[in-house]
Protein chains: 2
Amino acid sequence: MELVSQNQCFGGTQSVYRHASEVCGGEMTFGLYLPPLARSRPVPLLWYLSGLTCTHENAMTKAGLQRHASEHGLAVVFPDTSPRGEGVADDQAYDLGQGAGFYVNATQKPWARHYRMYDYIVSELPALLLESQPLKGIHGITGHSMGGHGALTIAFRNPAQFRSVSAFAPIVNPTRSGWGRKQFSAYLGDDEAHWANYDACLLLAEHGWHGDILIDQGATDQFLELIRPEAMAQLMAERRQPGILRMQAGYDHSYFFVASFGEDHVRWHAERLHAA
Amino acid sequence: MELVSQNQCFGGTQSVYRHASEVCGGEMTFGLYLPPLARSRPVPLLWYLSGLTCTHENAMTKAGLQRHASEHGLAVVFPDTSPRGEGVADDQAYDLGQGAGFYVNATQKPWARHYRMYDYIVSELPALLLESQPLKGIHGITGHSMGGHGALTIAFRNPAQFRSVSAFAPIVNPTRSGWGRKQFSAYLGDDEAHWANYDACLLLAEHGWHGDILIDQGATDQFLELIRPEAMAQLMAERRQPGILRMQAGYDHSYFFVASFGEDHVRWHAERLHAA
């Protein structure tokens with residue numbers, strides 16, 4: 001693991017690391033914020049999964065989460081959204097290939113060799129972090145847009161690993177969205193039965209979730225037709241699933257929206273992870 | 001004035017505008033944050049001047065000031081750091097020309113035609129904002145690095161216009177720094193007597209300042225030799241100038257440093273501007 005940069009921030013440390021990923025078959029970069037509390041004892045870890053076109057850097061510099069993580073004693077990891085590099089398959093569209101991994105394990109050519117973001121987030125990166133950083137092995141997960149999809153699906157499939165979950169404007173039902181069908185078809189092939197492993201609504205309907213769920217959604221988000229929050233709203237209500245879905249008046253899909261509600265999400269996770 | 005973008009943020013509005021600048025002889029872009037309070041009554045305005053290589057956008061997306069401005073009822077304007085465009089003189093170096101206006105009125109060729117950031121910040125942009133936005137006409141000013149230099153020098157030369165001043169890692173003594181001598185020589189010519197109008201230490205020594213001054217400086221800033229905070233520290237102490245200079249252990253020159261202390265600066269200005 002190679003240290004790329006390190007900056008003190010709100011009394012803690014914002015680092016960027018590069019490492020060889022076996023799962024993704026190449027070099028991966030991630031950001032890690034450690035709060036001041038981590039100097040004296042291991043802390044819980046909040047995963048922040050980013051959206052389409054983002055690298056590890058966008059949320060790290062724009063979402064303002066470090067302030068809250070510092071106050072609440074959480075570490076935050078900012079993974080990249082896909083494998084990258086010259087030998088890695090890509091597409092000209094912004095929503096397929098590099099920057100658009102969709103947190104799946106691809107099974108189809110030419111994607112299958114590198115696009116294994118699901119295993120990277122669930123297995124490889126946690127192991128690397130736990131062996132090298134002052135972390136307790138207690139995880140929460142959140143994310144924005146495609147990353148909100150990642151957070152919900154990864155939590156729902158790994159309830160023993162993740163104690164808390166939240167999301168900002170998550171793509172909740174990708175098997176019925178233009179942000180999903182195109183990518184799942186490319187990465188996973190035409191058998192839609194396989195897609196259900198990566199659809200938050202389908203997973204929640206099948207497995208439920210042991211805790212409560214916090215979702216914030218901008219009511220004037222320019223991508224509402226692709227995000228389809230109504231699918232999750234209906235499902236949570238039908239299932240009597242504990243949780244909060246907040247339709248936030250006047251907010252769009254930007255980091256200005258994420259930053260505005262970041263404190264609530266970090267506190268949400270801190271309350272659940274410190275009690276764990 | 002043309003609206004380029006608008007995003008709700010912490011209950012207020014982050015806008016970007018483009019306008020024809022007579023002073024700079026071309027199109028200029030700036031960001032403006034209006035807090036929720038501005039919907040019901042005019043609010044004071046905090047000027048945030050950015051550093052080398054920045055546009056209007058860097059601080060607007062990375063410094064996290066909107067949260068504090070929302071809470072404290074201040075508008076914040078994020079001007080660009082220089083004129084820009086094809087017809088505007090430039091230099092290959094990052095610290096001269098576009099992105100490096102140094103908040104002076106250039107007198108030398110080829111800069112004099114467009115590089116009039118001092119007049120732009122002191123006169124043209126305030127007039128435009130006051131006539132178009134819900135503002136009270138009460139101003140505070142802050143900035144980072146080259147922008148901290150801009151904030152201090154502009155405040156010290158215009159004490160009736162600016163009621164409060166602060167800075168993050170300001171270039172306090174540019175006439176004795178590699179960040180200053182090169183640029184002043186290019187923009188202002190070789191007569192160093194003229195340079196004194198744009199040197200915070202020289203201006204404070206000559207004119208004093210009617211209020212108190214807040215300066216934050218990273219103790220492990222990678223540019224300390226160019227910033228020379230010791231010149232301002234000595235001068236403020238010698239003059240018994242009311243103020244606070246905080247040497248912040250472990251912090252560098254980045255936006256992670258600015259973000260970490262942004263709340264203190266916004267509160268500093270809010271306390272002084274709301275009382276005005």
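On a predicted model such as this, the values are computed, not experimentally measured, just so you know. Below, chains carry the letters A, B, ... as their sequence lines are ordered, and counting in each starts from 1. Atom set for the values below is all heavy atoms of this structure, side chains included, hydrogens, waters and symmetry mates excluded.
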Pick from B/R67, B/M60, B/Q66: which one has the most heavy-atom pairs with chain A under 4.5 Å?
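The answer is B/R67.
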Sort [X] into side chain, backbone, both or neither according to what part of it lies under 4.5 angstrom from a heavy atom of chain A.
| X | answer |
| --- | --- |
| B/A249 | backbone |
| B/S254 | side chain |
| B/Q222 | neither |
| B/N7 | both |

Exceeds 12 heavy-atom contacts within 6.0 angstrom, atom CD of A/E225:
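Atom CD in A/E225 is not packed in, count stays at 12 or less.
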Looking only at atom types and distance, does a side-chain atom of B/Y255 sit under 3.5 Å from a main-chain N or O of A/K62, one as donor and one as acceptor?
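Such a contact is absent between B/Y255 side chain and A/K62 backbone.
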Do A/F256 and B/Q8 have side chains that approach each other closer than 4.5 Å (heavy atoms only, starting at C-beta)?
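Not touching, per the 4.5 Å side-chain cut-off.
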If I take atom OH from residue B/Y251 and atom SG from residue A/C9, how far apart are they, to the nearest 0.5 angstrom?
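Atom-to-atom, B/Y251:OH and A/C9:SG are 7.0 Å apart.
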